[in-house]
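Structure first, then comments.
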Amino acid sequence: MKTFIYTLFVLVSIWATGCARPTAASQPALIESGRYYAVLLDNNSVYFGKLESLSADYAVLHDVFYVQSNVDQQTKAVSNVLIRRGKEWHGPDRMIIRQTAIVFIEPVGTDSRVAQLIAASAR
């Protein structure tokens with residue numbers, strides 16, 4: 001009987017410890033203010049912007065850029081251009097993205113080509 005009670009105590013302790021441990025989803029993500037992030041969406045679109053907030057439901061991006069690919073019809077060569085969002089007809093000043101549409105978020109490297117193009121666009 002003592003063995004049964006001891007085993008039951010150990011199992012309940014393990015279960016309680018596992019239930020009390022916070023999950024990755026419940027921990028707030030570290031966001032560096034003023035830093036650019038790459039956000040990949042489930043439709044394969046990638047946006048680069050300053051991540052203002054990240055909640056369980058939405059992410060908010062400011063100063064947003066995206067890559068536009070152009071194909072030269074004669075040579076079939078593809079060129080990519082970084083475009084600043086906001087020049088569209090509706091003149092958006094931010095993107096509010098549903099959290100369920102986000103595949104991943106990564107910081108943009110300070111020496112990356114994207115960071116260089118963003119810096120050049122500010123001149």
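- Under the 4.5 Å side-chain heavy-atom criterion for Ile, Leu, Val, Met, Phe, Trp and Tyr, Phe104 and Val67 are members of the same hydrophobic cluster.
- By the 6.0 Å contact criterion, OH on Tyr66 is enclosed, its count of non-hydrogen atoms from other residues, nucleotides or ligands being greater than 12.
- Rounded to the nearest 0.5 angstrom, Ile118 CD1 and Arg113 CZ are separated by 11.5 Å.
- Side-chain contact between Gln99 and Leu54 is present, with heavy atoms from C-beta onward closer than 4.5 Å.
- Cluster annotation: Tyr36 is not connected to Ile96 through the hydrophobic network of ILVMFWY side chains, with a link wherever side-chain heavy atoms come within less than 4.5 Å.
- Summarising the local packing, NZ of Lys76 is surrounded by more than 12 heavy atoms from other residues, nucleotides or ligands at distances under 6.0 Å.
- In this structure, Leu51 CG and His62 NE2 are separated by 9.5 Å, a value rounded to the nearest 0.5 Å.
- The shortest heavy-atom contact between Val78 and Ser69 is CG1-CB, 4.2 Å.
- No more than 12 heavy atoms of other residues, nucleotides or ligands lie within 6.0 Å of CG in Asp111, so this atom counts as exposed by the packing criterion.
- In this structure the side chain of Val46 never reaches within 4.5 angstrom of the side chain of Val39, judged on heavy atoms.
- Annotation for Thr110 and Ala115: closest pair O-CB, 3.6 Å, computed over non-hydrogen atoms.
- Counting only heavy atoms from C-beta outward, the side chains of Arg84 and Asp63 approach each other to under 4.5 Å.
- Val81 is connected to Val64 through a chain of hydrophobic side-chain contacts under 4.5 Å among Ile, Leu, Val, Met, Phe, Trp and Tyr, so both are in one cluster.
- Taking both residues in full, the closest heavy atoms of Arg35 and Val108 are given as NH2-O, 3.4 Å, listed atom of the first, atom of the second, then distance.
- In this structure, Tyr58 and Arg98 have side chains that are in contact, with non-hydrogen atoms separated by less than 4.5 Å.
- Listed for the Gln116 side chain is no donor-acceptor partner under 3.5 Å among the backbone atoms of Val114.
- Annotation: the span from Ile105 atom CD1 to Leu40 atom CG amounts to 10.0 Å, rounded to 0.5 Å.
- Hydrophobic clustering (side-chain heavy atoms under 4.5 Å, transitive across Ile, Leu, Val, Met, Phe, Trp, Tyr) keeps Phe48 apart from Val60.
- Side chains of Ser55 and Asp57: a donor-acceptor N/O pair is absent below 3.5 angstrom, by distance only.
- Two residues are said to be in side-chain contact when any heavy atoms from C-beta on lie closer than 4.5 Å; Ile102 and Leu41 meet this criterion.
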Run Arg94 and Glu52 through side chain to side chain contact (heavy atoms under 4.5 Å, CB included) and show every step you take. CA-CA 9 Å; Arg94 75 192 80 160; Glu52 175 187 297; 5.7 Å; no
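- The side-chain heavy atoms of Tyr37 and Glu106, taken from C-beta on, include no pair separated by under 4.5 Å.
- Atoms CD1 and OH, from Ile97 and Tyr47 in turn, are 8.0 Å apart once rounded to the nearest 0.5 Å.
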